[in-house]
2 protein chains.
Amino acid sequence: MPARVDDVALLDVDPRPTRNRRAAKKSKTRADLIAAAAELFGDIGYDEVTTTRIADAADVSQRTFFRYFPTKEAVLYGDMDETLDELRIALERRPETERPLEAVRAAIVDLRSNFERHRDLRLLQARLAATYPAVSAYSRATVQMGWEREIIAALADRLMVDPMEDPRPEIIAGAAMSAIRVATRQWSLQRGTPDYVDLIDAALAAVPSLGDDTTT
Amino acid sequence: MPARVDDVALLDVDPRPTRNRRAAKKSKTRADLIAAAAELFGDIGYDEVTTTRIADAADVSQRTFFRYFPTKEAVLYGDMDETLDELRIALERRPETERPLEAVRAAIVDLRSNFERHRDLRLLQARLAATYPAVSAYSRATVQMGWEREIIAALADRLMVDPMEDPRPEIIAGAAMSAIRVATRQWSLQRGTPDYVDLIDAALAAVPSLGDDTTT
DNA sequence: TGACTTTTGGCAGCGACTGACAGAATATGG
DNA sequence: CCATATTCTGTCAGTCGCTGCCAAAAGTCA
């Protein structure tokens, strides 16, 4: 009696208000929206999918969609906040003795588990960014800028300088982001066959002595 | 009789179809839109001005506005195509013997006349980009990406490499763009008092040996 | 259970942007 | 100078992303 399974599941739901059903429901809705969006974007394309359609697929109203994500682009990069948190932590963990660029490189290698966790989503993001100008623009202006901000903050701390005055943190971060962009493009074009982290690692290795304190 | 002046001006208009009245009218409309937009943006703000309002101020319909500019942001950066052309030419003029980053630096110094020509517009762009996320995003995703593309193409030519394979052109370009961004921010915050080109020059000087062929 | 807070849906609306079409302006050949 | 072909413009109607508002539903806590 397979129907039983559902019954049990239904009965399993505590009819009494559980302490944080709200939080659970919210994160479920959020995950549903991200999943629905990813599937629709993958199947149909980015411009071709409306926010209403995504909301319908996740069984919420369009109004609710915009309570969870500020823009249509944001739902495609639903992993961003989490990833930036991990990047920040990875950067903080690097020993002070490391040279700036080496610290960035090592921190990104530490994100390997994140990359694997979101592998399919990353491939989709890269593919859509290569196809749709709106996605490309969002990636540059919001996602990559987010990464850059974290890197700049970490490097400014390390070098003990004000990043508004000393251009070096932003320059190193810009070079690193360029390397990451190249690696991501190569990875996407090869549909994820080479290891992503290895590609980034190799691209970052092409950044020369940049960031040595000896240049001060 | 000051009225005469107008009469003469009116009579001066050749009633016969001049060979390129169209082209003249088009460039006038374009210039009018840019000027009207700049004034409104400067007085009221970016989000606060609608495209219809800009079109009205330039005495055209909103539909016509969008025949001249693909987006509202584009009219604020109406000098972009012209500037990118000048940047490309300046890069091509650099002798092959120059090291990559030095060529970029020198090419940008050569744009001094462009910067002076569009000084007020540049200050406005920088100010609005610091205030309105939409402008900031457009600046990053479209304007700065345009500069970067030119620099990458020039460096790839110089180094005789495929920029899709070798990450160095994009890395050097990314570092240079970061330096330019820092300089632009400083220039904008100081309301244009220090010379813009000098600031960029100084920021670019902070980019270390990056781009030496010796790193190959 | 009942009062309180948070989340949701529906609606109405704004503004950026687009396709279609008809009329005005302009270029071109005779 | 005129007729004709070409290009540009305004108008209109429509789509879509996104927002404020309010009332209903769901969840929390005593």
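None of the values given here were measured: they were computed from a predicted structure.
Residue A/Thr50 places its side chain closer to D/dC16 than to any other of D/dC16, C/dA27, C/dG9. Taking every side-chain heavy atom of B/Arg67 into account, C/dC21 is the closest of C/dC21, C/dC17, D/dG27. The listed nucleotides are C/dG19, C/dC17, C/dA27; the one nearest the side chain of B/Arg22 is C/dA27. With C/dT18, D/dC18, C/dT6 as the candidates, the nucleotide lying closest to the side chain of B/Phe66 is C/dT18. Taking only side-chain atoms of A/Thr51, from C-beta outward, the nucleotide of D/dG17, C/dT26, C/dC17 with the closest atom is D/dG17.
Residues A/Leu155 and A/Ala173 share a closest heavy-atom pair of CD1-N, 4.3 Å.
One can place CZ of B/Phe69 at 16 Å from C1' of D/dT9, the figure rounded to the nearest angstrom. Here the C1' atom of nucleotide D/dC16 and the CD atom of A/Gln62 are 8 Å apart, to the nearest Å. Atoms CZ (B/Phe65) and P (D/dC8) sit 18 Å apart, rounded to a whole Å. In this structure, the CG atom of B/Asp59 is 16 Å from the C1' atom of D/dC8, given to the nearest Å. Taking atom CG of residue A/Asp32 and atom P of nucleotide C/dT7, one finds them 17 Å apart after rounding to whole Å. A straight line from CG of B/Leu33 to C1' of C/dA16 spans 16 Å, rounded to a whole angstrom. What separates CD of A/Glu73 from P of D/dC16 is a distance of 15 Å, to the nearest Å. Rounded to whole Å, atom P of D/dT9 lies 13 Å from atom CZ of B/Arg30.
In this structure, B/Lys72 forms a cation-pi arrangement with B/Tyr46, its terminal cationic atom sitting closer than 6.0 Å to the ring centre and no more than 45° off the ring axis.
Residues B/His118 and B/Glu82 have side chains that bring a donor and an acceptor to within less than 3.5 angstrom of each other. Side-chain contact check for B/Arg185 and B/Ser188: no donor-acceptor pair (N or O, by modelled atom type) lies under 3.5 Å.
Under 4.0 angstrom from either OP1 or OP2 of C/dT7 there lies at least one side-chain N or O belonging to A/Lys26. Residue B/Tyr68 places at least one side-chain N or O closer than 4.0 Å to OP1 or OP2 of D/dT9. Between A/Arg21 and D/dG27 there is a side-chain polar atom (N or O) within less than 4.0 angstrom of OP1 or OP2. Between B/Thr64 and D/dG10 there is a side-chain N or O to OP1 or OP2 distance below 4.0 Å. For the pair A/Lys25 and C/dT7, the criterion of a side-chain N or O lying under 4.0 Å from OP1 or OP2 is not met.
Between B/Asp56 and B/Arg53, none of the side-chain N atoms (NZ, or NE/NH1/NH2) sits under 4.0 Å from a carboxylate O, so this pair counts as no salt bridge.
Among the heavy atoms of the strands lying under 4.0 Å from B/Thr71 are primed sugar atoms or P, OP1, OP2 only; no base atom is included.
Checked by distance alone, B/Arg53 brings no side-chain donor or acceptor within 3.5 Å of a matching partner on the base of C/dG15.
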